[in-house]
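Taking it in order: structure first as structure tokens, then the write-up.
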2 protein chains.
Amino acid sequence: MSGNVTIRDVARKAGVSISTVSRVINGTGYVRESTRKKIEDAIRALGYSPNHVARSLSKGSTKIIGAILPDISNPFFPTLARGIDDAVSSRGYTLIICNTDSDVRQEESSVRVLLEKRVDGVVFVAGSPESASLVRRASEQVPVAVIDREVEGVPCDTVTVDNFRGSYELTRYLLNCGHRKMAYISGPLHLSTSKKRLAGFRACLRDSGVNDEPHVFHGDFKYDTGYSIAREIIRMGLGITCVVCANDLMAIGAMRCFQDLGIGVPSQVAVCGFDDITMASLVRPSLTTVAQPAYRMGALAAEMLLERIEKGRDQSPRSRVLEPVLVIRDSTGGGGVKA
Amino acid sequence: MSGNVTIRDVARKAGVSISTVSRVINGTGYVRESTRKKIEDAIRALGYSPNHVARSLSKGSTKIIGAILPDISNPFFPTLARGIDDAVSSRGYTLIICNTDSDVRQEESSVRVLLEKRVDGVVFVAGSPESASLVRRASEQVPVAVIDREVEGVPCDTVTVDNFRGSYELTRYLLNCGHRKMAYISGPLHLSTSKKRLAGFRACLRDSGVNDEPHVFHGDFKYDTGYSIAREIIRMGLGITCVVCANDLMAIGAMRCFQDLGIGVPSQVAVCGFDDITMASLVRPSLTTVAQPAYRMGALAAEMLLERIEKGRDQSPRSRVLEPVLVIRDSTGGGGVKA
DNA sequence: TTGAAAGCGCTACCAC
DNA sequence: GTGGTAGCGCTTTCAA
């Protein structure tokens with residue numbers, strides 16, 4: 001029945017005042033050794049568990065961090081989430097994760113709930129075009145760190161990966177392999193990540209003096225979409241030798257489609273992705289991709305957030321850009337030179 | 001600055017009492033329409049956000065559910081977690097997820113933190129041999145629902161899958177395919193799931209009058225372990241025609257090993273798993289496995305938990321056993337008859 | 001080194 | 001219909 005045991009019961013049992021019990025629980029202030037012992041015994045005897053709700057109310061801090069992200073069951077996010085969780089846990093905070101399915105209404109309600117719960121800070125992975133206003137709303141109340149997808153016009157700590165460069169280098173590698181007729185399957189273009197990856201791809205073609213105009217298809221990061229766009233690409237008979245996808249899931253979908261159609265990967269069409277989710281190395285052929293340090297992104301963002309929470313909110317926002325890494329595997333032929 | 005706006009400020013601004021404001025916020029009791037309007041205007045004007053910490057303290061309920069599970073970044077759990085989250089969210093609750101890496105010490109600290117945070121209930125996926133005492137400790141304070149892995153001696157709601165039967169039917173299918181020399185790679189045997197899967201496998205062999213003693217290897221559900229045990233199996237030269245793994249991750253590891261050694265799957269060795277994680281259908285050859293309804297397990301457990309929270313804790317614990325589904329794919333030859 | 005008491009913001013009971 | 005007020009369990013001055 002330790003559930004309803006309060007600090008008051010402990011005080012009574014130990015024959016001291018509430019204040020003194022509070023002191024030993026929090027290790028704050030001086031307490032005579034013998035008193036401390038008595039209190040600790042009482043705590044054990046009663047099975048006392050401090051009520052953090054009461055503590056939060058009185059201290060004005062919950063030691064809870066909220067994370068708003070598209071979908072924990074989507075391969076890229078669990079690793080990111082684990083990075084966040086490990087970072088906050090090790091500093092004595094607890095994490096609440098909200099799934100939004102990249103839908104504004106769910107983002108809206110997540111922000112509202114987290115704010116009502118008085119979380120000490122929020123980590124935000126924007127999913128919808130209207131996310132910016134929600135990030136702003138949240139950041140008016142508590143420190144906010146934005147991960148992965150940049151949000152314009154709202155000053156807060158940001159951790160991203162250099163999507164432009166990752167895409168650029170991947171493309172250079174593909175050109176070195178001799179590909180000229182390429183198709184690109186993009187993500188939702190309202191996301192900064194999608195835009196930058198596409199921009200990096202285009203820039204590299206341009207810089208390399210490739211005149212063949214790439215065929216750009218509009219996707220949504222989903223496996224099924226990769227599959228169906230790949231079929232569309234074949235149907236159009238464009239003579240494509242390489243399909244560049246804005247993420248791994250679509251790439252794997254595309255690869256699967258080609259295989260189902262009896263088209264060899266990479267012998268007839270090369271395919272590559274972006275993210276380097278676990279699956280990328282496990283599918284056959286293994287997927288050439290651009291690796292994002294998901295765990296580190298989460299951990300880093302959480303650390304920046306906690307620092308801001310504990311050291312004050314006034315410093316100007318910092319922005320960290322991590323470097324992605326080109327991972328060459330079998331889906332692009334295995335040959336070629338890493339430029 | 002809505003952060004520090006309290007119900008008191010709203011009351012003052014609207015020219016009414018705190019009680020009345022509380023009534024309109026909670027939609028409880030009678031309030032004159034014009035009064036309600038005044039209050040709602042004041043709330044909007046001040047950007048008031050109700051403080052759930054204070055509400056929790058006063059109501060004795062936080063509307064927070066805790067989930068304790070091994071590792072959110074491991075393929076099986078995100079789906080399960082999403083099931084839990086959707087179920088609790090739709091009922092107005094918020095979810096806190098704690099990762100334990102199947103380590104007792106982390107389970108212990110998770111239980112302590114959740115109890116201190118005064119969550120209204122806990123969903124527990126046991127990971128270590130000592131989990132039972134923690135489940136008990138938690139269940140002394142709040143309702144607990146156990147998922148996936150049974151915990152003995154602690155009466156609480158439980159959602160599992162019929163692991164014995166899933167394994168049994170898988171094995172029957174393999175026997176029908178003609179396999180006689182089989183190896184089994186188990187999970188940690190302190191987990192009920194591992195035990196039952198192995199038991200189902202053995203029982204089927206026995207019931208079918210197969211005399212060839214299967215070779216049982218002790219694994220830990222990890223990809224790398226599947227890989228190295230597979231290598232060991234080959235090294236031993238046992239003439240195995242089929243490797244049955246206690247989960248998909250080990251199966252994919254084993255498959256990968258065989259492929260690296262130039263051993264054809266399924267032409268020379270068949271491989272199968274358990275779980276049906278997303279990857280299972282995406283690897284080549286696609287993996288024959290036993291599908292667990294992870295999302296439903298999570299959602300169902302959460303619903304049972306919420307019902308117990310809201311309808312009282314005295315009813316005797318219920319136990320739901322979901323049926324797994326045999327999914328025949330290419331890694332076992334594609335042929336054969338689903339018995 | 002210890003105790004008393006005023007909050008923290010809200011709910012809910014009791015009056016009016 | 002509406003207001004007053006006693007808690008909820010803890011932290012944190014301020015005194016002693």
Side-chain angles (χ1 to χ4, degrees), chain A residues 1-40 42-43 46-64 92 113 115-120 141, chain B residues 1-40 42-43 46-64 92 113 115-120 141:
Chain A
M1 299 299 97
S2 68
N4 349 339
V5 179
T6 73
I7 195 172
R8 196 189 167 106
D9 301 313
V10 176
R12 187 155 26 201
K13 172 125 189 164
V16 299
S17 75
I18 289 178
S19 330
T20 306
V21 176
S22 177
R23 283 187 199 103
V24 347
I25 290 171
N26 298 291
T28 152
Y30 295 82
V31 177
R32 189 183 302 146
E33 198 45 53
S34 62
T35 316
R36 172 191 312 284
K37 177 111 186 29
K38 265 193 306 190
I39 292 173
E40 282 166 350
I43 287 177
L46 296 170
Y48 170 70
S49 159
N51 185 328
H52 267 53
V53 176
R55 173 196 297 229
S56 297
L57 180 59
S58 128
K59 304 238 299 187
S61 156
T62 53
K63 290 283 190 176
I64 298 179
V113 168
L115 256 26
E116 288 179 347
K117 290 266 188 275
R118 296 297 190 264
V119 296
D120 289 343
Q141 305 304 136
Chain B
M1 300 302 96
S2 67
N4 347 339
V5 179
T6 73
I7 195 173
R8 197 192 165 104
D9 301 314
V10 175
R12 186 155 27 200
K13 173 124 189 169
V16 298
S17 77
I18 289 179
S19 328
T20 306
V21 177
S22 177
R23 283 188 198 100
V24 348
I25 290 170
N26 298 291
T28 152
Y30 294 85
V31 177
R32 187 183 302 146
E33 199 45 53
S34 61
T35 316
R36 172 191 312 287
K37 176 114 185 29
K38 265 193 306 190
I39 292 174
E40 283 167 349
I43 286 177
L46 297 171
Y48 170 70
S49 160
N51 185 329
H52 267 55
V53 176
R55 173 195 297 229
S56 297
L57 180 59
S58 127
K59 304 238 301 184
S61 155
T62 53
K63 290 282 189 177
I64 298 179
V113 168
L115 257 26
E116 289 179 347
K117 290 266 187 277
R118 296 297 191 263
V119 295
D120 289 343
Q141 304 306 135

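Labels below follow one simple rule: chain letters A, B, ... track the order of the sequence lines, proteins then strands, and each chain is numbered from 1.
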What is the nucleic acid contact for Val53(A), judged by heavy atoms within less than 4.0 Å: base, sugar-phosphate only, or nothing?
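Since no nucleic acid heavy atom lies under 4.0 Å of Val53(A), the category is nothing.
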Side-chain N or O of [X] less than 4.0 angstrom from OP1 or OP2 on [N]?
X	N	value
Arg55(A)	dT11(D)	yes
Asn26(A)	dT11(D)	yes
Thr20(B)	dG3(D)	yes
Ser17(B)	dG3(D)	yes
Tyr48(A)	dC10(D)	yes
Ser22(A)	dT11(D)	yes

Could you check whether the side chain of Arg23(A) and the base of dG3(C) have a donor-acceptor pair of N or O atoms closer than 3.5 Å, going by distance alone?
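Per atom types, the contact qualifies.
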Heavy atoms from C-beta onward define the side chain here; which of dG9(C), dC10(D), dG3(D) lies closest to that of Ser58(A)?
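Given the options dG9(C), dC10(D), dG3(D), the side chain of Ser58(A) is closest to dC10(D).
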Proximity to the side chain of Tyr30(B) - top-ranked nucleotide from dC10(C), dG1(D), dT12(D)
dG1(D)
Is any side-chain N of the basic residue among Glu40(A) and Lys37(A) closer than 4.0 Å to the acidic one's carboxylate O?
no
Closer to the 5' end of DNA chain C via nearest nucleotide, is it Thr28(B) or Thr35(A)?
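Checking each residue's closest nucleotide, the 5'-ward one belongs to Thr35(A).
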Need to verify one output field. Residue with the more 5' nearest nucleotide on DNA chain D, Ala54(B) or Ile18(B)?
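Its nucleotide being nearer the 5' end, the pick is Ile18(B).
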Spacing between [X] atom [atom1] and [N] atom [atom2], to the nearest angstrom:
X	N	atom1	atom2	result
Leu57(B)	dG7(D)	CG	P	14 Å
Ile43(A)	dC10(D)	CD1	C1'	13 Å
Ile7(B)	dG7(D)	CD1	P	19 Å
Arg118(B)	dG9(D)	CZ	P	9 Å
Leu115(A)	dG9(C)	CG	C1'	16 Å
Lys117(B)	dG9(D)	NZ	C1'	15 Å
Arg12(B)	dG3(D)	CZ	P	14 Å
Arg8(A)	dC10(D)	CZ	C1'	12 Å

Can you tell me how far apart NZ (Lys63(A)) and CZ (Arg55(A)) are? Round to the nearest 0.5 Å.
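Result: 9.0 Å between the selected atoms.
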Least distance between heavy atoms, Ala11(B) atom then Ile18(B) atom
CB-N, 3.8 Å
Which heavy-atom pair separates Ser49(A) from Arg118(B) by the least distance, and what is that distance?
O-NH2, 2.6 Å
Qualifying residue, where the test is side chain to side chain contact (heavy atoms under 4.5 Å, CB included) with Thr6(B) and the options are Val10(B), Asp9(B), Asn4(B):
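Only one of Val10(B), Asp9(B), Asn4(B) forms a side chain to side chain contact (heavy atoms under 4.5 Å, CB included) with Thr6(B), namely Asp9(B).
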